[in-house]
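In what follows, residues are counted from 1 in the order of the sequence shown. Model, not experiment: these values are computed from the prediction.
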Amino acid sequence: MTDDDILEGRTLLLDVLAAPRRAGASADTDDARAQRAATGELDQWDEPNYARYGAALRRRFADVHDYVFKDLAPSTGTASVRGVATFLARLDVLENGTDPDRAGSKQSDKKAVAFLATRGLDKAERKRLKGLVDVALGPTSPLPEHTELPEAARRREALVKLRGWFDEWSTTARAVIKKRSYLIRIGLASRKAPQRKPTTTPAKPVAPPPTPAASDEETGDADIE
C-alpha cells in the first residue's frame with residue numbers, strides 16, 4: 001500500500017461522508033396542502049359561528065333557526081366541512097325560496113338571510129366559505145411517480161467505489177498479516193471474549209468413621225492379663 005493508495009481511500013471516504021447536494025422531493029402536492037388548510041379553517045369556523053348565527057336566528061326567526069340547524073352541530077375534520085356545506089346550502093334555499101314546503105314563508109326566509117348578512121354572513125363571506133368547501137371536498141392530484149434522485153444515485157456509486165477499495169485492501173491485509181494482534185489494531189479482527197472458568201464449590205471434609213467400642217470379652221481378657 002503506497003501513499004497514493006491511502007489518499008485514494010481517504011478521498012472515497014470523504015465523498016461518501018459529504019452532505020447531500022440536493023434536498024429530497026416532498027411527498028406531497030400543492031392541492032393536498034390546500035385541502036388540509038381549507039379543512040382546518042372550516043373546522044375552526046363552525047363552532048363559534050353556529051353559536052353566533054344560531055342565537056341571532058333563534059330570537060328573531062325561530063322557524064328559520066329550526067330549519068337551518070336541524071341535525072346540524074359543530075364537528076371536526078371532514079364532518080365539519082360537510083356540516084358547513086349543509087349550512088350554506090340551506091341558506092341558499094331560503095334566499096331563493098326553492099323549498100316547496102316553505103312556500104308560505106318565503107318573505108320571512110329572505111329577511112332572515114338578509115339579517116344574517118348584517119351580522120357578517122353576507123354573500124361575499126358565503127362565497128368564500130363555499131370556496132373552502134369545494135377545496136376541502138375536492139379531489140387532489142396524485143403524487144408524482146417516484147424517480148431516483150441524481151444525488152441518491154451519486155451517493156450509491158460513491159459507496160460502491162469505497163466498498164471496492166476496502167475489499168481489495170482488507171483481503172490483502174488478511175493474506176499478508178498473520179499476527180492476530182496486528183489485525184485487531186487495524187480493525188480486521190476482534191478480541192476474543194475471555195472465557196470464565198466455571199466456579200466449583202469446595203467439597204466438605206468427610207468425617208472419619210467412629211471407632212467401634214471394645215466388647216466385654218476383650219475387656220475381661222485384658223483385666224486377666
Side-chain angles (χ1 to χ4, degrees), residues 18-157:
R21 298 172 186 172
R22 291 180 57 186
S26 175
D28 207 347
T29 58
D30 292 339
D31 53 355
R33 287 189 290 269
Q35 188 179 61
R36 291 195 299 271
T39 300
E41 185 171 350
L42 293 172
D43 195 343
Q44 297 296 319
W45 185 92
D46 63 351
E47 184 171 1
N49 287 284
Y50 283 0
R52 286 179 56 205
Y53 301 130
L57 290 177
R58 189 183 299 108
R59 178 185 174 193
R60 296 170 175 82
F61 304 94
D63 60 329
V64 173
H65 171 273
D66 295 341
Y67 178 83
V68 172
F69 289 99
K70 181 181 180 181
D71 300 326
L72 188 63
S75 187
T76 58
T78 304
S80 68
V81 178
R82 298 188 184 280
V84 174
T86 300
F87 174 75
L88 297 172
R90 289 175 179 176
L91 292 181
D92 288 343
V93 169
L94 293 176
E95 186 177 43
N96 299 326
T98 55
D99 188 347
D101 294 336
R102 298 187 65 83
S105 59
K106 290 183 179 181
Q107 296 299 322
S108 177
D109 292 346
K110 289 183 178 182
K111 288 182 179 180
V113 176
F115 170 73
L116 291 179
T118 64
R119 295 296 179 92
L121 195 60
D122 54 12
K123 289 186 177 182
E125 175 64 5
R126 285 159 57 191
K127 183 179 180 180
R128 185 187 73 85
L129 293 172
K130 288 177 183 178
L132 291 175
V133 169
D134 291 341
V135 172
L137 297 181
T140 58
S141 60
L143 291 174
E145 294 184 3
H146 177 72
T147 57
E148 186 174 315
L149 296 176
E151 172 61 24
R154 187 206 65 79
R155 184 173 178 80
R156 182 176 291 107
E157 182 181 358

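With sequence neighbours excluded, the residues satisfying side-chain contact (heavy atoms from CB on, under 4.5 Å) with R119 are R52, Y53, A56, R60, F115. In this view, R82 and T78, L137 satisfy the side-chain contact (heavy atoms from CB on, under 4.5 Å) rule, not counting sequence neighbours. Partners of D99 according to the side-chain contact (heavy atoms from CB on, under 4.5 Å) rule, which considers only residues two or more places apart in sequence or in another chain, are Y67, V93, D101, R102.
Here the closest non-hydrogen pair linking L72 and G83 is CD1-O, 3.5 Å. Across all their heavy atoms, R90 and K70 have their closest contact at NH1-O, 2.9 Å. Closest approach of T39 and A136 over heavy atoms only: OG1-CB, 3.4 Å. Of all heavy-atom pairs between D46 and S75, the closest is OD2-N, 3.0 Å. Closest approach of S80 to L42, counting heavy atoms only: OG-C, 4.2 Å. Looking at every heavy atom in both residues, A38 comes nearest to L132 through CB-O, 3.5 Å.
Once rounded to the nearest 0.5 Å, the distance linking CG of D63 with CZ of R58 reads 13.5 Å. In this structure, NZ on K110 lies 12.0 Å from OG on S108, to the nearest 0.5 angstrom. The CG atom of D122 sits 10.5 Å away from the CZ atom of R128 when rounded to the nearest 0.5 Å. To the nearest 0.5 Å, the span separating CG on D31 from CZ on R36 amounts to 10.0 Å.
With a 4.5 Å cut-off on side-chain heavy atoms, R126 and D92 count as touching. The shortest side-chain heavy-atom distance between Y50 and V84 falls under the 4.5 Å cut-off. Using a 4.5 Å heavy-atom cutoff, the side chains of L121 and L129 are in contact.
Salt-bridge check for D109 with K106: failed, with every basic side-chain N at 4.0 Å or more from each acidic carboxylate O.
Around atom NZ of K130, more than 12 heavy atoms belonging to other residues, nucleotides or ligands sit under 6.0 Å away. Heavy atoms from other residues, nucleotides or ligands lying under 6.0 Å from CD of E125 number more than 12.
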